[in-house]
Amino acid sequence: MAHPDAQRPIAVFDSGVGGLTVLHELLVQLPHEDFVYLGDTARFPYGDKSAEDLQRFALQIAERQITAGAKMLVVACNAATSAALPALRALVARAARGVDLVAVVEPESRLAVEASLTGHVGLLATPATVSSGAYANAVARLDSEIELTSVPCPDLAPIIQGGSPFDEALVDAVRSYCDPLRDARVDTVILGCTHYPLIRPILQRTLGRGVRLVFSGDVLAAEVERRLAVHGLLNGGSVEGRYRFECTGDPDAFRALGTRFLQMPLGEVVHVELDAALAASTR
Ligand code: DGL
């Protein structure tokens, strides 16, 4: 008989719509699971925030979703993972009701290390993620011979989230961010921000067909499935799972942009006030 906790939803969160690239892989890989996706759009972008702020935001969201009954947290945000993974692990370990945690950075670092034939790997990510050193550490732990060229891209996620991504300004920004990677002759590039798979065609054209682009969605979805199976928490029903959305900013803007990026109907998007929720929970 299925474990009663298997019915609980999986909570996915990101600073905005970028994590929808991860959610899509999860919806395909785990069609019988229920998902709740939270985009912290009021505080977007995360990529220019301090590590302290990012840790606070991530803990606030994680606490909320654990209290709401999530059986697993998927941190679909590289900046949040880079700043807050140890603190998130500690929070999950303290949770009264069992909850697991899967995050980005490590899965796609492993994929890149395995994919690279030349040992020259590139990273495109937000300034917060690059300066945290999370990818440099993960890659070095996996293979100390790999030469990682990291490029902070302050404009990319805001342009993509701005909603009109496919213009010359974006192509110019991509070209300038890719120049150091071409100079370093990388054969594999980690897309270290969940927004970047949304502009994969532009990145692939700029870097060339021979460069392998690696991102977190499919490896992360496989990891989520593996962990649920280990804990006996896979929702094995034959009914299609439900998914719903929460955001801290304007729900109509989230729905309009999210529908374009997920290419699936979003349905209701609920506005949530994180600061108010935290104040209430600590009273
Ligand atoms: N989606 C976030 C990430 O993966 C970045 C976008 C932002 O700056 O908020 O890092």
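For ligands, and for the atoms within them, numbers begin at 1 and follow the listed sequence.
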Between Asn78 and ligand 1, which residue portion shows a heavy-atom distance shorter than 4.0 Å: side chain, backbone, both, or neither? both
Check: Arg255 main-chain N/O paired with Thr259 side-chain donor or acceptor under 3.5 Å: yes
Under 4.0 Å from any heavy atom of Gly47, which atoms of ligand 1 are there? 7 (C), 8 (O), 9 (O)
Could you tell me whether a side-chain N or O of Thr129 sits under 3.5 Å from a main-chain N or O of Ala125, the two making a donor and an acceptor? no
Side chain, backbone, both or neither: which part of Cys77 has a heavy atom under 4.0 Å from ligand 1? both
So is there a nitrogen or oxygen of Gly192 less than 3.5 Å from a nitrogen or oxygen in ligand 1? no
Numbering the atoms of ligand 1 from 1, which are under 4.0 Å from a heavy atom of Phe44? 6 (C), 7 (C), 9 (O)
Please confirm whether the backbone N or O of Arg200 pairs with a side-chain atom of Arg205, one donor and one acceptor, at under 3.5 Å? no
Between His195 (side chain only) and Gln161 (backbone N and O only), is there a donor and an acceptor less than 3.5 Å apart? no
Give me the nearest non-hydrogen protein atom to atom 5 (C) of ligand 1 as residue plus atom name, then the distance to 0.1 Å. Cys193 SG, 3.3 Å
Under 4.0 Å between a side-chain nitrogen and a carboxylate oxygen: does that hold for Asp5 and Arg97? yes
Per-atom contacts, ligand 1 versus Pro45 - under 4.0 Å to a heavy atom: 7 (C), 8 (O), 9 (O)
Quick check against the 3.5 Å criterion: does Glu225 have a side-chain atom that pairs as donor or acceptor with the backbone of Ala229? no
Where ligand 1 meets Thr126 - atom numbers and elements under 4.0 angstrom, heavy-atom basis: 5 (C), 8 (O)
Distance-only N or O hit between ligand 1 and Tyr46, under 3.5 Å: yes
Subset of ligand 1 atoms that lie under 4.0 Å from at least one heavy atom of Asp14: 1 (N), 2 (C)
Test item: Ser116 side-chain N/O and Ala112 main-chain N/O as donor-acceptor pair under 3.5 Å: no
Cationic N near anionic O, under 4.0 Å, Arg64 to Glu246: yes
For ligand 1, which atoms, with element, lie under 4.0 Å from some heavy atom of His195? 1 (N), 6 (C)
With heavy atoms of Ala79 as the reference, note each atom of ligand 1 found under 4.0 Å away. 3 (C), 10 (O)
Distance filter under 4.0 Å to Ala157 heavy atoms, resulting ligand 1 atoms: 6 (C)
Donor-acceptor contact below 3.5 Å, side chain Asp187 vs main chain Leu117: yes
